[in-house]
There are 4 protein chains.
Amino acid sequence: MASKKMEKHNLILDAALKVIAENGYHNAQVSRIAKEAGVADGTIYLYFKNKEDILISLFQKKLGDLVGQFHSSIKETDSADEALRKICEIHYTMLEQNVDLAFVTQIELRQSSLALRKEIGLVVKTYIELIEKMLRQGIEQGIFRANLDVKLTRLLVFGSMDEVVTSWLIAGRKYSLTAQVDKTVEFFIQGLKA
Amino acid sequence: MASKKMEKHNLILDAALKVIAENGYHNAQVSRIAKEAGVADGTIYLYFKNKEDILISLFQKKLGDLVGQFHSSIKETDSADEALRKICEIHYTMLEQNVDLAFVTQIELRQSSLALRKEIGLVVKTYIELIEKMLRQGIEQGIFRANLDVKLTRLLVFGSMDEVVTSWLIAGRKYSLTAQVDKTVEFFIQGLKA
Amino acid sequence: MASKKMEKHNLILDAALKVIAENGYHNAQVSRIAKEAGVADGTIYLYFKNKEDILISLFQKKLGDLVGQFHSSIKETDSADEALRKICEIHYTMLEQNVDLAFVTQIELRQSSLALRKEIGLVVKTYIELIEKMLRQGIEQGIFRANLDVKLTRLLVFGSMDEVVTSWLIAGRKYSLTAQVDKTVEFFIQGLKA
Amino acid sequence: MASKKMEKHNLILDAALKVIAENGYHNAQVSRIAKEAGVADGTIYLYFKNKEDILISLFQKKLGDLVGQFHSSIKETDSADEALRKICEIHYTMLEQNVDLAFVTQIELRQSSLALRKEIGLVVKTYIELIEKMLRQGIEQGIFRANLDVKLTRLLVFGSMDEVVTSWLIAGRKYSLTAQVDKTVEFFIQGLKA
DNA sequence: AATGAATGAGAGTTCATTCAT
DNA sequence: TATGAATGAACTCTCATTCAT
């Protein structure tokens, strides 16, 4: 029962992801999503409160999955630099492997309503706090500088990776995103200094 | 003649900036901008092709002014680390001093159409190339690592600063953005390493 | 068999009355009535042709009951003025004692479709004919004026009482409706004349 | 200027009256009213806040005109029975001469939303208060019984006439409404008594 | 007999853009 | 140049009804 309900729920979310990725946020009409999912327009509203609810659910689920990946991949026993590498690796790899998701999260959903962007903010916050935790561990482990402002640095780290992904998408995915992990991590750890 | 035309042109752009900052992108109707500018709706179309053209012009002009600031502030003779500091300082200070502009560029205009975002991309690209130039100089001057991937690193640097500004806005501007310059630059130069 | 069928039939009608009284005609969705009756949406359609059929049945049954009351209360041997008093008394008392029914008949069902209002008209007609009969008897008994236009007067009598009930409901039932019987009947019989 | 604006305002109101009278309240779509008025759908919203606003304006204006008729026709010097006759005469005659208006006020607008019905109530109240004033004068003049409950009686008088008009409409306007004035007034004044 | 998930037609409203003045 | 009244396409959501189980 519950699984059957969830099945159609996911069916609609997947359809929404595809439609937004292909047509852009502003051309993702409910009727188009319904058609892509193979259900009637009204059926959408049996599973979602309104259009915004679809988008919020989409973001929460897909990005929640992503954040889940981080949590399950990074062990407490990892050294902070290993953890940092894993974070960057998962971040780049996952989005490279799910281009639709990447487009939707990096480009399309950013055009959305205030309410949606607030929800997005909440999910992103979880991720940013994961980065912060990693930074704190690095300081405790003596691997990272003790005078780091972790609240600021977590933004610098997240913002860097986020910009790299967006730029890769906009430029047309002409190179491997995953191949940028090493250099990105090296920048974080070593900085620019000769 | 031409200057009179430019006067009203600017009048409309300033009105657009104010209206978007106050009401958000999705509530910035042409009629509202016209009212704020003190002209009739139709007059807008004597100076701009369509609504998108207003926004593109707005971004080009305001952000162009900003990029101009960078070019005039940074001298060829600056050492790369001095240049990097200036870049970050101007970036943070200018946006802290122009909150309307900050909101519009960081939050509101990102909800816009593909065409606008492409235009934004062009202006931002100029800035990113300035960062790249600074990085190259640093390498030549032996201040920055020779093995830097400048195409990647320029994104890491820009993305970091961009995220810090956005986060500062969303969080409600509860602290000084300019006060983050030192730690930001130190992160870029020293990295995380203990 | 038949009684079992009627049981659920009535169950649904009672649910409809309650739902309309509580939520108003425009918020009395079939699904809400089904829920109140404790049956599935589809079950409704085993007992009623469509939504309008529920409402028509509701009105016919409930108002039919009311009209039945009149017929059983008024004896052939009553003098016309006694009969008139009984009619008014039952009219006011029954609706005062069944506020839900009063709201539904006086306020909510009047917003309904043409077809329903025609059906309502038929039931009301029976009542109006009862009033007419009473008037004829009064004339025969020499109690009422011989030159009365009974077709017109029955409307004047019904319309008066109907308006009093509606006004009492709209004003918030702040006084006793039954207490208006004496003065109403006196108006009918004596008129305004000093 | 103002008159030009009012012209179109009235144009739309007249179109609404016609469309509602011809198609019924529930088939009076905004697009249909616009077409009847010979304007674009959007133009409607330059003159009215929303659909309900059209209907409220319609009722206020048309019924306001009617109530105005009463006030201008009835002189202070009229004896109460003359005034009563005038009220009934205007009531019946005006609606007989404006069948569209009669249909809309007696039948269609009663199916409308709560907000509209509240507005209708306000206009009707003015009329009912006029009836009350006439009754009070009759008592003062010694023409009407001193023991009349004017608050109740005004409803009896209004309800009677209202029902006669509605019945005349529903029955298909097969007889003259104006011809009912004499007998209606006689009923009010003399009552049923032989 | 009973269920309830699925259907899909239908309508009010906004707002960028035009064009007669 | 400037106006601003008029345009009309486009889209979300509701809910009575159906039908496979």
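Reminder, nothing fancy here: chain letters follow the sequence lines and each chain counts from 1.
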Could you check D:S31 against B:Q29 and say which one's nearest nucleotide on DNA chain E is further toward the 5' end? D:S31

Nearest-0.5 Å distance, CD1 of residue C:I20 to CD of residue C:E36: 11.5 Å

Closest nucleotide of DNA chain E for C:G42 versus for B:Y45: which of these residues is on the 5' side? C:G42

Whole-Å distance between F:dT17 C1' and C:I33 CD1? 14 Å

Quick one: which of F:dA5, E:dT3, E:dT7 gets closest to the side chain of D:Y47? F:dA5

Checking contacts here: which listed nucleotide (F:dT7, E:dT14, E:dA5) is nearest the side-chain heavy atoms of D:T43? F:dT7

Would you indicate which nucleotide in F:dG8, F:dT12, E:dT7 comes nearest to any side-chain atom of D:D41? F:dG8

Between the CG atom in C:L46 and the NE2 atom in C:H9, the distance rounded to the nearest 0.5 Å is 12.5 Å

Charged N to carboxylate O under 4.0 angstrom, C:K18 versus C:D14? no

Within this structure, what is the CZ-to-C1' distance between C:R32 and F:dT14, rounded to whole angstrom? 13 Å

Axis-to-axis angle across the helix from E:dA2-F:dT21 to E:dT21-F:dA2, five pairs an end, to 10 degrees? 10°

I need the CG-P distance between A:N50 and F:dT14, as an integer number of Å. 8 Å

For atom CZ of C:F48 and atom P of F:dT18, their distance in whole Å: 16 Å

Measuring from atom CG of D:D53 to atom CD of D:E119, what distance do you get when rounded to the nearest 0.5 angstrom? 9.5 Å

Whole-Å distance between E:dT18 C1' and B:K51 NZ? 17 Å

If you assign B:G38 and A:L46 each to the DNA chain F nucleotide with the nearest heavy atom, which residue ends up on the more 5' nucleotide? B:G38

Within this structure, what is the CG-to-P distance between C:L11 and E:dA1, rounded to whole angstrom? 15 Å

Measure from the side-chain heavy atoms of D:V30 and tell me the nearest of E:dT13, F:dC13, E:dC15. E:dT13

For B:E22 and B:N27, does a side-chain donor sit closer than 3.5 Å to a side-chain acceptor? no

Nucleotide E:dA16, atom P - distance to CG of B:N27 in whole Å: 10 Å

Nearest to the side chain of D:A40, heavy atoms from C-beta on, is which of F:dT7, F:dT3, F:dT17? F:dT7

Send over the distance from C:I44 CD1 to F:dT17 C1', rounded to a whole Å. 12 Å

Would you indicate what C:K8 reaches in the nucleic acid, counting non-hydrogen atoms under 4.0 angstrom: base, sugar-phosphate, or nothing? sugar-phosphate

Nearest heavy atom decides the nucleotide; on that basis, is A:A28 or C:K49 closer to the 5' end of DNA chain F? A:A28

Can you tell if the side chain of D:Q29 reaches within under 4.5 Å of the side chain of D:N23, non-hydrogen atoms only? no

Of all residues at least two apart in sequence or in a different chain, which pass the side chain to side chain contact (heavy atoms under 4.5 Å, CB included) check with D:V123? D:F59, D:Q60, D:L63, D:V67

Please round to the nearest 0.5 Å and tell me the distance separating atom CD1 of D:I54 and atom CG of D:L17. 12.5 Å

